[in-house]
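Fair warning: this is a prediction, and the values are worked out from it, not measured in the lab.
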Amino acid sequence: MIYVCIPCYNEAPTVGLLLWKIRQVFSGFPREYHLLLIDDRSTDTTAEVLEPYSRVLPLTLLRHQTRQGYAASVEALLRLAVERTDRPKRDGAILMHADFAHSPSFIPDFVRRLESGADIVVAQSTLAGESSRARRLIRRFAPMLLRGRVQVPGVADVVSGFLAFRLVALRNALRAQEGRLLTAEGWTANAELIAKTARHARRVETISTVERHDLRQRPSRVHPWETAMSVWHWRAKLQLPPLPRPPEGRPDRRRPEAATTETEAEKEAVRSEK
């Protein structure tokens with residue numbers, strides 16, 4: 001079972017089409033899947049848009065009565081996936097955004113990596129379609145602001161929000177944590193999620209994807225200076241124990257095996273940025 005986890009806040013223009021695209025992906029890539037979506041007290045018509053999809057798709061829809069924020073929404077979805085699975089060593093969860101920044105076309109790549117033995121798969125993305133130079137720069141340099149605090153061997157894009165997990169690794173990370181798993185917010189919450197789960201993973205891998213910012217149908221929520229200050233603020237508050245060392249004489253299998261070939265979509269994204 002693949003649980004596709006989608007936190008959602010005011011994404012009415014895109015979330016319905018995203019769900020349908022995911023359905024099309026699994027029609028051509030037959031795997032058992034279930035959509036887990038949380039509406040974080042949206043103030044637009046997101047709730048109305050989602051209602052008919054809950055009747056025709058394998059979809060569980062949660063709603064917050066008050067807005068809880070990105071990190072709380074992500075954690076609620078991942079906890080639900082862990083609670084539902086009866087095969088944590090086989091089942092997986094994919095985390096993606098509802099604004100089409102993350103294309104469903106990459107889902108098969110995540111699933112194949114999990115099926116081949118990875119416990120965590122991190123999308124390392126080429127940014128495409130972002131008109132603001134300041135937003136492009138902060139997206140590029142945000143991982144560097146966390147250098148020294150968040151270290152997962154081989155993972156450069158530690159703020160990536162396009163991720164896949166084997167549920168046993170998530171389950172063990174949740175069990176090891178007293179209280180909330182995610183204490184940070186925004187991009188730093190993604191880094192915290194990767195770092196804490198990696199401590200319970202035998203193998204971490206990366207894939208190359210394209211992060212699209214030109215398909216978003218609402219204003220960007222990334223305000224460069226505020227985002228940089230937020231990342232730096234949460235950096236100081238993160239409590240991350242060091243990664244356990246592998247047994248002497250054994251290689252560290254957490255080191256990702258990044259994809260070495262570019263897809264046509266990635267090449268086109270790079271050309272468009274130039």
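For the residue pair Gln68/Thr66, the side-chain donor-acceptor check at 3.5 Å is satisfied. A donor atom on one side chain and an acceptor atom on the other are found under 3.5 Å apart for Thr43 and Asn10. Side chains of Glu11 and Ser42: a donor-acceptor N/O pair is absent below 3.5 angstrom, by distance only.
Taking the six-membered ring where the residue is Trp, Phe106 and Phe162 present perpendicular rings, their angle passing 60° and hence far from 30°.
Interatomic distance, CG of Leu78 versus CG of Leu95, reported as 6.0 Å (0.5 Å rounding). For the atom pair CZ of Arg199 and CD1 of Ile194, the computed distance is 11.5 Å after rounding to the nearest 0.5 Å. Note: Ser73 OG to Ile6 CD1 = 12.5 Å, rounded to the nearest 0.5 Å. How far OG of Ser230 is from CH2 of Trp225: 12.5 Å, rounded to the nearest 0.5 Å.
Here side-chain hydrogen bond (donor to acceptor under 3.5 Å, both in side chains) pairs that include residues 15-33, with residues two or more places apart or in two chains, are Arg31-Glu115.
Here the side chains of Val122 and Ile120 are in contact, with some heavy-atom distance below 4.5 Å. Glu211 has its side chain out of reach of Thr126: every pair of non-hydrogen atoms, C-beta onward, lies at least 4.5 Å apart.
If you look at His97 and Tyr70, their ring centroids are closer than 6.0 Å.
With a 6.0 Å radius and a threshold of 12 heavy atoms from other residues, nucleotides or ligands, Arg140 has its CZ atom at or below the threshold. Open room surrounds CE on Met229; 12 or fewer heavy atoms of other groups in view lie less than 6.0 Å from it.
Under a 4.0 Å N-O distance rule, the pair Arg203/Asp119 does not qualify as a salt bridge. Note on Arg79 versus Glu75: salt bridge recorded, some NZ/NE/NH1/NH2 to OD/OE distance being below 4.0 Å.
Note on Val158 and Phe141: separate hydrophobic clusters, where clusters join Ile, Leu, Val, Met, Phe, Trp and Tyr whose side-chain heavy atoms are under 4.5 Å apart, directly or indirectly.
Screening Leu59, Thr60, Leu18 for a side chain to side chain contact (heavy atoms under 4.5 Å, CB included) with Leu35, the sole residue that qualifies is Leu59. When Arg218, Arg212, His213 are each tested for a side chain to side chain donor-acceptor pair (under 3.5 Å) with Asp99, only one passes: Arg218.
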